[in-house]
Novice: 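Dumping the structure here so I can ask a few things about it.
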Amino acid sequence: MPTSSASTTDASAKPTAGGGGVQSLERAFDLLERMADAGGEVGLSELSTASGLPLPTIHRLMRTLVACGYVRQQPNRRYSLGPRLIRLGESASRLLGTWARPYLARLVEETGETANMALLDGDEIVYVAQVPSKHSMRMFTEVGRRVLPHSTGVGKALLAHTPADEVRALLARTGMPAATEKTITTPDGFLDALEQVRRLGYAVDDNEQEIGVRCLAVSVPNSPTAAAISISGPAGRVTEDLTPSIVPILQNVAAELSVALQSQSPA
């Protein structure tokens, strides 16, 4: 591991011993992911502690990321994720939605209801793909729409395994406005709902985002980025009695989608 930038040959740029990857690239992307995990803004010492890399190496990598626009240095000397990442993220989200559509179409065929895919983007849920139901009365959520996680089934599915203190911090930032009279509006109530998701293996939005609409959701296991899929429809069709037959379909499709998404990533 390099401890000085004085050498004319940067040891961090050498191929890794694993599969011929470039170590400096691996380290740069690792730092970006650690910044995202930390909320998007960190100091060099925090990155050094989290990554185990020496400060000179981190400083050199961050200078390069700043020069490319992927990181910004704040007036307080801390570093934040940069605006050039937005275009990459938007393009990746569109591709993710494209890959997911055949699996969502299967959900529609097998359940009869509208199928969605959503990601957690910062503190918000963003819908990245949808295949509508063939019923004349159906649910429609615009791709790209952003909602708060506390009132959605996909939000519960995505946050179910997040530590409680991180969930509370997120809810403190977003607030918990009531979309309907059934929306969960307290952190303790939401944490209880997440415990139920972990116990049952699926999440429910029961008239919490919109009166008359019921949604069932599951997370996509081992997805390269945290993702969830759901079906939604009129509460009169997506009933509690039908839940036991719908949930296994959701879980099977999520497992198959997980394999497909992982196959798009390098081994």
Novice: May I ask you to decide if Ile211's main-chain N or O and Lys182's side chain share a donor-acceptor pair within less than 3.5 Å?
Specialist: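 No: the side chain of Lys182 does not pair with the backbone of Ile211.
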Novice: Take Arg168 and Leu191 through the side-chain contact (heavy atoms from CB on, under 4.5 Å) test and state the conclusion after the steps.
Specialist: CA-CA 8 Å; Arg168 288 184 184 276; Leu191 289 171; 3.3 Å; yes
Novice: Does the pair Arg106/Glu109 count as a salt bridge with the N-to-O cut at 4.0 Å?
Specialist: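 No, Arg106 and Glu109 are not salt-bridged.
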Novice: Side-chain heavy atoms under 4.5 Å apart, restricted to Ile/Leu/Val/Met/Phe/Trp/Tyr: what other residues fall into the cluster of Leu148, or is it alone?
Specialist: none
Novice: Provide the closest heavy-atom pair for Val253 versus Tyr103 in the form atom of the first, atom of the second, distance.
Specialist: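 Heavy-atom minimum between the residues: CG1-O, 3.5 Å.
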Novice: Mind checking the OG1-CG spacing from Thr49 to Leu44? Nearest 0.5 Å is all I need.
Specialist: 11.0 Å
Novice: So, does His150 use its side chain to make a donor-acceptor pair with the main chain of Gly155 at under 3.5 Å?
Specialist: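 No; judged by distance alone, with no hydrogens or angles, the pair does not exist.
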Novice: Val238 and side-chain contact (heavy atoms from CB on, under 4.5 Å): which single residue from Thr111, Leu216, Thr243 fits?
Specialist: Leu216
Novice: Okay, side chain of Asp205, backbone of Arg214: is any donor-acceptor separation there less than 3.5 Å?
Specialist: no
Novice: Same cluster or not: Leu104 versus Leu250, using hydrophobic residues (I, L, V, M, F, W, Y) connected whenever any side-chain heavy atoms lie under 4.5 Å apart?
Specialist: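 Same cluster.
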Novice: How close do Tyr127 and Val154 get, heavy atom to heavy atom, and via which atoms?
Specialist: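 What the structure gives for the nearest pair is OH-CG2, 3.8 Å.
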Novice: Would you kindly say whether Ser151 and Gln209 are connected by a side-chain donor-acceptor distance under 3.5 Å?
Specialist: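 A donor-acceptor contact under 3.5 Å links the two side chains.
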Novice: Taking the hydrophobic residues Ile, Leu, Val, Met, Phe, Trp and Tyr, and joining any pair whose side-chain heavy atoms are under 4.5 Å apart, which ones share a cluster with Val197?
Specialist: none
Novice: Linking I/L/V/M/F/W/Y whenever their side-chain heavy atoms sit closer than 4.5 Å, directly or via other members, would Phe29 and Leu65 fall into one cluster?
Specialist: yes
Novice: Which pairs pass salt bridge (Lys or Arg N to Asp or Glu O under 4.0 Å) with one or both residues in residues 215-230, sequence neighbours excluded?
Specialist: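 Pairs touching residues 215-230 that pass the test: none.
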Novice: So, the side chain of Ser219 versus the backbone of Leu158: is there a donor-acceptor pair under 3.5 Å, distance only?
Specialist: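 Checked: no pair found.
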Novice: Got a donor-acceptor contact below 3.5 angstrom from the Arg101 side chain to the Gln130 backbone?
Specialist: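 At least one qualifying donor-acceptor pair exists.
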Novice: Would you find a donor on one side and an acceptor on the other, under 3.5 Å apart, between the side chain of Ser223 and the backbone of Ser258?
Specialist: no
Novice: Of all heavy-atom pairs between Val108 and Val131, which one has the smallest distance, and what is that distance?
Specialist: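 It is CG2-O, 3.3 Å.
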Novice: Between Thr183 (side chain) and Glu208 (backbone), is there a donor-acceptor pair under 3.5 Å?
Specialist: yes
Novice: Spell out, as yes or no, whether a donor-acceptor pair under 3.5 Å connects the side chain of Asp30 to the backbone of Glu26.
Specialist: no
Novice: Hey, are Arg78 and Glu46 close enough for a salt bridge, meaning a charged N less than 4.0 Å from a carboxylate O?
Specialist: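 A salt bridge is present here (some side-chain N lies under 4.0 Å from a carboxylate O).
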